[in-house]
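Numbered from 1 within each chain, the chains take letters A, B, ... in sequence-line order.
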Amino acid sequence: MRLSSSFIPTLKEVPTDAVIPSHILMIRAGLIRQLSAGIYSMLPAGYKVIRKISEIIREEMNAIGGQEFHLPALNPREIWDDTGRVEAFGDTLFHVKNRDYVLAPTHEEIIAFHAKGSVKSYKDLPQIWYQIQTKFRNEARPRSGVIRGRQFLMKDSYTLDATWEDLDIGYQKHYDAYKAIFDRCGLKYFIVGAHSGAMGGSKSEEFMVKSDAGEDNIAYCEKCGYAANSEVAASVNKPLDRKDEQKEVFEISTPNVKSIDELCEFLSIDETECAKSRVYISDGKPILVLMVGNDEVNESKLENILGSQVRPAHPEELLDITGADAGSIGPIGFKGRIIADMNLKDANNMYSGANKNDYHIGGIDFTRDVANAEFFDLRFVETGEGCTNCGEALEVFKAIELGHIFKLGTKYSEALGANFLDENGKDHPIIMGSYGIGVERVFACYVEQNFDERGIIWGKKLAPFQIQLLGLNMKKDVVVDASEKIYLDLTAKGFDVLFDDRIDASAGFKFNDADLMGMPVQIIVGERNIKENTVEVKVRRDGERFQVKLDELYSKIDEIFESIE
RNA sequence: CGGGGCGUAGCGUAGUCCGGUUAGCGCGCCUGCUUUGGGAGCAGGAGGUCGCAGGUUCGAAUCCUGCCGCCCCGACCA
């Protein structure tokens, strides 16, 4: 491809709307352009990257027996009503105004619909069906460029099985295929056990990439590889020390003291001497949750303990339940279930609310005074805490969800009546699994992990072009002749070459554009070198440069492509 | 949806508080000449509903009201 006649609009300046490196660079390198919030156009060079990622996905999906579909994005609303997901998705589901259609945010329903029509016997199973297709979700807040969009490309696949054992096999095939896909794409990622939540108890794992632009918090152990979403991550328990001096319970007037910080300042105490109270409603009943100091309640852990969803009590409910407003609530005199963080077990001489406005109680001994409390791990793990697996310090950081694999079960097949007959002629719902990969997220995450101050650094697998050939002064016949020949030769050898043949662009301009676009190898044809029958070859990633004789160029190029990722 | 910021040429921006020449600058673009190993120089030129609508005023990019759009933080995220 000749740069002089291609549309790769690079930008010297940083676009105002872009904040994270991948977003900035994808725009500056002429790969994408925004149309509207969360809606992006793939420009020709960007679309080449998308196609390369898609091709890797296809190869690995086909290798596990996947069959590629192309399902409609425009769906009748009715089928989404049948599974209750019009309500479940709520405002996230796009509705078409002038006909009763929705824009599909995923395709479980459509897969189950087709399975119902055609999969009748256990002999038809198992099946792995997949597609790479545009999905639509009315995200309240699109962000970080292509990472959270209202329209995005997703590889979604579905396993259809007759038995739970076969589901396990299909799930494992996806697990292995996903590792192969992300490895081939050159991403550094890790796999996290995910919170299955109230939606179903089936197994679910997420493929994550560490990034400040991420929306999930992950606890990770460098040493043993333990990784978990912070919603479920555990750490080594560090209970408060029991003080030697044993105080009695006493009441203190604390006018206008609401927060733990205010209490600590008012009484000149440390926050580890305070038990923070939060009241939740679960199954209509109040639960008092106690945490050390300013520790936040991990509501996912609380839900897992209670086996039901929770919500914070409303202010009016607080007064009704405890007799006090938020800021003065505590365990002494609380009627109802008390769940406390395990670090509070056996703690003494603690301060907490008095269940009377503007009063707190000191000298609380959890063993003596809060004997009915149940103790559980309720905290969010923080950086530096010990891994429960190996004891090494955990690191907590943000991460982007690249893909996720999920054992669905029979929710959709039951709702839509997608059944099969077993050996005995008995009806059963098809057992399903669902597996997703965000294609643009693979793209953006690769850029997030592979750039420097000059631009993107592509590896050979995903690069839009393999080689960028720079003809430095295209008004000199020697340069034109040599670079044209190299371009034609390399193209004939099967290389995808981007040839910077622009006549008016200066040398420096071409160098900077080439570094910005970031093809793995640059070949620089300059007047001085070419008169000596040499060109310069530069490897983008490490910046290494070689002066290469023209007759050795192609073997050198082969050699470099052998050695680079 | 709550909080904050922004909207002026393709891109980046000044001017807005305190209304008053022809709305300025850099990049990019067009023409010509020169230049070509790290974002060239000179000369000439094109390009603007100042987000939209209404209002105040002799006069609005600037003040007032409403709306729209974009970004960031948070909430939400099968």
| said: Distance alone, cut at 3.5 Å: any donor-acceptor contact between the side chains of A:His107 and A:Gln131? | reply: yes

| query | Do A:Glu536 and A:Thr534 have side-chain N/O donor and acceptor atoms under 3.5 Å apart? | reply | no

If I pick the [atom1] atom on [M] and the same atom on [N], what distance separates them, to the nearest angstrom?
{"N": "B:G19", "M": "B:A61", "atom1": "P", "result": "13 Å"}
{"N": "B:G51", "M": "B:C6", "atom1": "P", "result": "13 Å"}
{"N": "B:U56", "M": "B:U65", "atom1": "C1'", "result": "11 Å"}
{"N": "B:C63", "M": "B:G15", "atom1": "C1'", "result": "16 Å"}
{"N": "B:A60", "M": "B:C52", "atom1": "P", "result": "15 Å"}
{"N": "B:A14", "M": "B:G55", "atom1": "C1'", "result": "28 Å"}
{"N": "B:G28", "M": "B:G39", "atom1": "C1'", "result": "12 Å"}
{"N": "B:G45", "M": "B:U49", "atom1": "C1'", "result": "23 Å"}

| field | side-chain contact (heavy atoms from CB on, under 4.5 Å) partners of A:Phe94, counting only residues at least two apart | value | A:Leu103, A:Phe136, A:Asn138, A:Arg150

Do any N or O atoms of the protein come closer than 3.5 Å to N or O atoms of nucleotides 74-77 of chain B, and which pairs are they?
{"from": "B:A75", "atom 1": "N6", "to": "A:Arg143", "atom 2": "NH2", "distance (Å)": "3.3"}
{"from": "B:C76", "atom 1": "N4", "to": "A:Arg143", "atom 2": "NH2", "distance (Å)": "3.3"}
{"from": "B:C77", "atom 1": "O2", "to": "A:Arg148", "atom 2": "NH1", "distance (Å)": "3.1"}
{"from": "B:C77", "atom 1": "O2", "to": "A:Arg148", "atom 2": "NH2", "distance (Å)": "2.6"}

| message | For RNA chain B, report each stem as range with range, ordered by first number, or say none. Use Watson-Crick or G-U wobble pairs under 3.5 Å, at least 3 in a row. | response | B:1-7 with B:68-74, B:10-13 with B:24-27, B:29-34 with B:40-45, B:51-55 with B:63-67

Which is true for [X] with a 4.0 Å heavy-atom rule: it touches a base, it touches only sugar-phosphate, or it touches nothing?
{"X": "A:Thr10", "answer": "nothing"}
{"X": "A:Ser36", "answer": "sugar-phosphate"}
{"X": "A:Arg33", "answer": "nothing"}

| query | Tell me: CZ of A:Arg502 to C1' of B:G28, nearest whole Å? | reply | 12 Å

| query | Where each residue is assigned the nucleotide of RNA chain B containing its nearest heavy atom, which of A:Leu35 and A:Ser434 is assigned the position nearer the 5′ end? | reply | A:Leu35

| said: Counting the benzene-type ring for Trp, do A:Tyr178 and A:Phe190 have ring centres under 6.0 Å apart? | reply: no

| note | Counting primed atoms, P, OP1 and OP2 as sugar-phosphate and everything else as base, the B/S/- map of nucleotides 5-13 of chain B against protein heavy atoms under 4.0 Å is ------BSS

| task | Summarise how protein sits on nucleotides 32-38 of chain B as a single string, 5' to 3': B when a protein heavy atom is under 4.0 Å from the base, S for sugar-phosphate-only contact, - for no contact. | result | ---BBBB

Sub-4.5 Å side-chain heavy-atom contact between [X] and [Y]:
{"X": "A:Arg502", "Y": "A:Asp513", "answer": "yes"}
{"X": "A:Ser204", "Y": "A:Ile405", "answer": "no"}
{"X": "A:Pro72", "Y": "A:Asn75", "answer": "yes"}

| message | A:Phe207 vs A:Phe182, test: ring pair (Phe, Tyr, Trp, His ring centres under 6.0 Å). Steps then yes/no. | response | CA-CA 9 Å; A:Phe207 290 72; A:Phe182 298 133; 5.6 Å; yes

| request: Kindly indicate whether a cation-pi arrangement holds for A:Lys48 with A:Phe465, taking the cut-offs as under 6.0 Å to the six-membered ring centre and within 45° of the axis. | output: yes

| task | May I ask you to check if A:Lys210 and A:Tyr220 form a cation-pi contact, with NZ or CZ under 6.0 angstrom from the six-membered ring centre and within 45° of the axis? | result | no

| query | Which pairs count as side chain to side chain donor-acceptor pair (under 3.5 Å) when at least one residue sits in residues 23-33 of chain A, sequence neighbours excluded? | reply | A:His23-A:Tyr40

| note | side chain to side chain contact (heavy atoms under 4.5 Å, CB included) with A:Phe443: of A:Leu153, A:Ile147, A:Val146, A:Leu31, only one passes, and it is A:Leu31

| query | Do the charged groups of A:Lys407 and A:Asp168 touch, with an N to O distance under 4.0 Å? | reply | yes

| message | In terms of relative ring orientation, are A:Phe69 and A:Trp129 parallel, tilted or perpendicular, with 30° and 60° separating the classes? | response | tilted

